[in-house]
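I have placed the structure first, in the form of structure tokens, so that the comments after it can refer back to it.
Reckoned from all heavy atoms, side chains included, excluding hydrogens, waters and symmetry mates.
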There are 2 protein chains.
Amino acid sequence: MSNINDTRERIIRVVKTRFHNRSYADVGIKEICDMASIQKGSFYHFFPSKRDLVLAVIDEFALDWANGFVAEAFDPALPPMERIDYVIDAAYFWQKSSKDLNGHIPGCLFGNLALEISTQDDVLRAKLNAVFTSAKDRFRGTLDEAVEQGTIKPLDSETTAEAMLAYLEGMILLAKAENDPEVIYRLGPALKNIRIETNRH
Amino acid sequence: MSNINDTRERIIRVVKTRFHNRSYADVGIKEICDMASIQKGSFYHFFPSKRDLVLAVIDEFALDWANGFVAEAFDPALPPMERIDYVIDAAYFWQKSSKDLNGHIPGCLFGNLALEISTQDDVLRAKLNAVFTSAKDRFRGTLDEAVEQGTIKPLDSETTAEAMLAYLEGMILLAKAENDPEVIYRLGPALKNIRIETNRH
DNA sequence: ATACTAGTTGACCGACCGGTCTATTGCAAG
DNA sequence: CTTGCAATAGACCGGTCGGTCAACTAGTAT
């Protein structure tokens, strides 16, 4: 217990950035072991398979995300609709700083993985979908608050939140294709104007 | 000349659906050859490398797309803003029918490839970006028409077109993660309300 | 001192990867 | 009938893939 055993953490740390900057298929176990300065036996002591690793990475990354810029952006102290602007800023700076570091826009890890493997592994797909759902819930809560405060007129907050998330992911996708973070600033302003009206039957 | 030599076409046809439904990395040369009933020698007679194949596939697919539902959706006979509704319908039915066929939503080939490999191959990235640019131009032309006809108030058609494309790709991404085409119908209505105002200096 | 076990090593596995190469086929032009 | 060449066949290549395994190490509990 008192022993400092950080091997598992080291594996995850090393692989997080690699999955994010490249792709699931492109990062091999051997490379991971080399970068973490371990042998394969150690790797498979902690993870039954590469698939289990990516499952763990999604969890860890979602946690980083929630504790990091998401917690900042969705700061309850900010007026609700300003939080949405903050999300744009956060997305921009993240992609921008990644590009400054290694020349490429990595995009969103969850979006990347979703498009790469969600047709091939349903468990993975469901896990990524859960991450998106919790992101959507953040938006929805913010919209509900804005409606309560009278900042915006009532709307279908659930669906609008989903639409905002879609738009965010789409912006990041185009920014990656263009390899230019400015796309996010260019398209960002439209995010908080997205509205889907309540469907009155 | 009179000889029916459809090997190249057969390779492309076989690989198009596979790249679309799985991923670039997941589809191997051997599999492609088997499915096209040829040997590796034939494959490498037509394509110098797997990378050159995917380059060709992008071209072919963009052509299919342009001649297929894009040509229909952006039918000049339709009122401009109705064309945008048509895009949603087309996206929905395509994803829906794919799911009915094999149980999975394939998403958008270009979006899939962009997120999978655009950090790893700049030529490929640029090619995909060009496809997105021409899609954006379609939207822009439609918006310009709508402005001319007075259907919508003047706006920044270039940036709004890009925003619409982002939203479309984002919807498809979420639909794939959820493996449910209904996402597209749920979020679709917001597409044509996206607006980015002209930036008056 | 002993037994147990989590952690680690690194050789090894079969399968498959993208790609090469030589030999052969078959058609078309001279 | 010969020459030439696009097209095809299929064995072969080194390397890497994800994953296994028996042996060993070191710290802990008894």
Side-chain angles (χ1 to χ4, degrees), chain A residues 1-16 18-58 60 112-113 116-125 127, chain B residues 1-16 18-19 21-58 60 112-113 116-124 127:
Chain A
M1 271 299 182
S2 61
N3 183 21
I4 39 159
N5 180 2
D6 67 338
T7 304
R8 202 191 122 102
E9 282 69 23
R10 227 164 55 241
I11 294 171
I12 298 243
R13 174 162 25 93
V14 149
V15 89
K16 245 188 306 196
R18 279 172 169 75
F19 279 164
H20 192 196
N21 287 295
R22 312 233 294 280
S23 73
Y24 175 67
D26 195 57
V27 180
I29 307 289
K30 177 67 173 12
E31 175 187 351
I32 294 166
C33 291
D34 289 348
M35 293 301 108
S37 304
I38 55 166
Q39 298 295 330
K40 281 198 171 183
S42 289
F43 176 88
Y44 282 99
H45 176 74
F46 290 102
F47 300 99
S49 71
K50 189 184 179 184
R51 180 171 171 275
D52 290 279
L53 171 65
V54 75
L55 246 20
V57 165
I58 292 169
E60 287 267 346
N112 296 350
L113 289 175
E116 182 182 356
I117 42 185
S118 67
T119 54
Q120 299 172 62
D121 188 318
D122 209 59
V123 172
L124 223 33
R125 201 217 85 239
K127 188 158 199 116
Chain B
M1 272 297 180
S2 61
N3 182 21
I4 38 156
N5 180 3
D6 68 338
T7 304
R8 203 192 121 103
E9 282 68 24
R10 224 165 55 242
I11 294 171
I12 297 240
R13 174 164 26 94
V14 149
V15 88
K16 244 187 309 196
R18 278 173 169 75
F19 279 164
N21 286 296
R22 311 233 292 283
S23 72
Y24 175 67
D26 196 56
V27 180
I29 307 290
K30 178 66 178 3
E31 175 187 351
I32 295 166
C33 290
D34 289 348
M35 293 301 108
S37 304
I38 55 167
Q39 297 296 330
K40 281 198 172 183
S42 292
F43 177 88
Y44 281 99
H45 176 74
F46 291 103
F47 300 98
S49 71
K50 188 184 180 185
R51 181 171 169 275
D52 289 278
L53 171 67
V54 74
L55 247 19
V57 165
I58 292 169
E60 288 269 345
N112 296 350
L113 289 175
E116 182 183 357
I117 42 186
S118 67
T119 53
Q120 298 173 64
D121 188 319
D122 209 60
V123 172
L124 222 36
K127 187 159 200 112

**Asked** Does the side chain of B:T7 get closer than 4.0 angstrom to OP1 or OP2 of D:dA7 through an N or O atom?
**Response**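 For D:dA7, OP1/OP2 do not have a side-chain N/O of B:T7 under 4.0 Å.
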
**Prompt:** Under 4.0 Å between a side-chain N or O of B:H45 and OP1 or OP2 of D:dA7?
**Reply:**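 Checking B:H45 against D:dA7: at least one side-chain N or O falls below 4.0 Å of OP1 or OP2.
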
Would you kindly give the [atom1]-to-[atom2] distance between [X] and [N], to the nearest whole Å?
X	N	atom1	atom2	answer
A:I38	C:dA6	CD1	C1'	15 Å
A:R8	C:dT8	CZ	P	13 Å
B:Q39	C:dT20	CD	P	17 Å

**Item:** Any residue meeting salt bridge (Lys or Arg N to Asp or Glu O under 4.0 Å) with B:R8, in chain and number order, not counting sequence neighbours
**Value:**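 Checked B:R8 against salt bridge (Lys or Arg N to Asp or Glu O under 4.0 Å); zero matches.
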
List the atom pairs, with distances to 0.1 Å, where a side-chain N or O of residues 28-36 of chain B and a protein N or O form a donor-acceptor pair under 3.5 Å, not counting sequence neighbours.
from: B:K30; atom 1: NZ; to: B:D34; atom 2: OD2; distance (Å): 3.3
from: B:E31; atom 1: OE1; to: B:R22; atom 2: NH2; distance (Å): 2.8
from: B:E31; atom 1: OE2; to: B:R18; atom 2: NE; distance (Å): 3.0
from: B:E31; atom 1: OE2; to: B:R22; atom 2: NH1; distance (Å): 3.2
from: B:E31; atom 1: OE2; to: B:R22; atom 2: NH2; distance (Å): 3.2

**Message:** My understanding is that only residues two or more places apart in sequence, or in another chain, count here; which of them pass side-chain hydrogen bond (donor to acceptor under 3.5 Å, both in side chains) with A:R51?
**Reply:**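 A:D121.
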
**Item:** Contact state string [nucleotides 12-25 of chain D, B base, S sugar-phosphate only, - no protein heavy atom under 4.0 Å]
**Value:** -----SBBBB----

**Request:** Please name the pair of heavy atoms, one in A:S23 and one in B:E116, separated by the smallest distance, quoted to 0.1 Å.
**Result:**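 Looks like CB-O, 3.7 Å.
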
**Message:** Tell me which pairs pass salt bridge (Lys or Arg N to Asp or Glu O under 4.0 Å) where either residue lies in residues 35-45 of chain A, with sequence neighbours left out.
**Reply:**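 Of all non-adjacent pairs touching residues 35-45 of chain A, none passes salt bridge (Lys or Arg N to Asp or Glu O under 4.0 Å).
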
**ring-ring contact (aromatic ring centres under 6.0 Å, His included) partners of B:F47, counting only residues at least two apart** =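 Once residues adjacent in sequence are excluded, the partners of B:F47 under the ring-ring contact (aromatic ring centres under 6.0 Å, His included) criterion are B:F43.
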
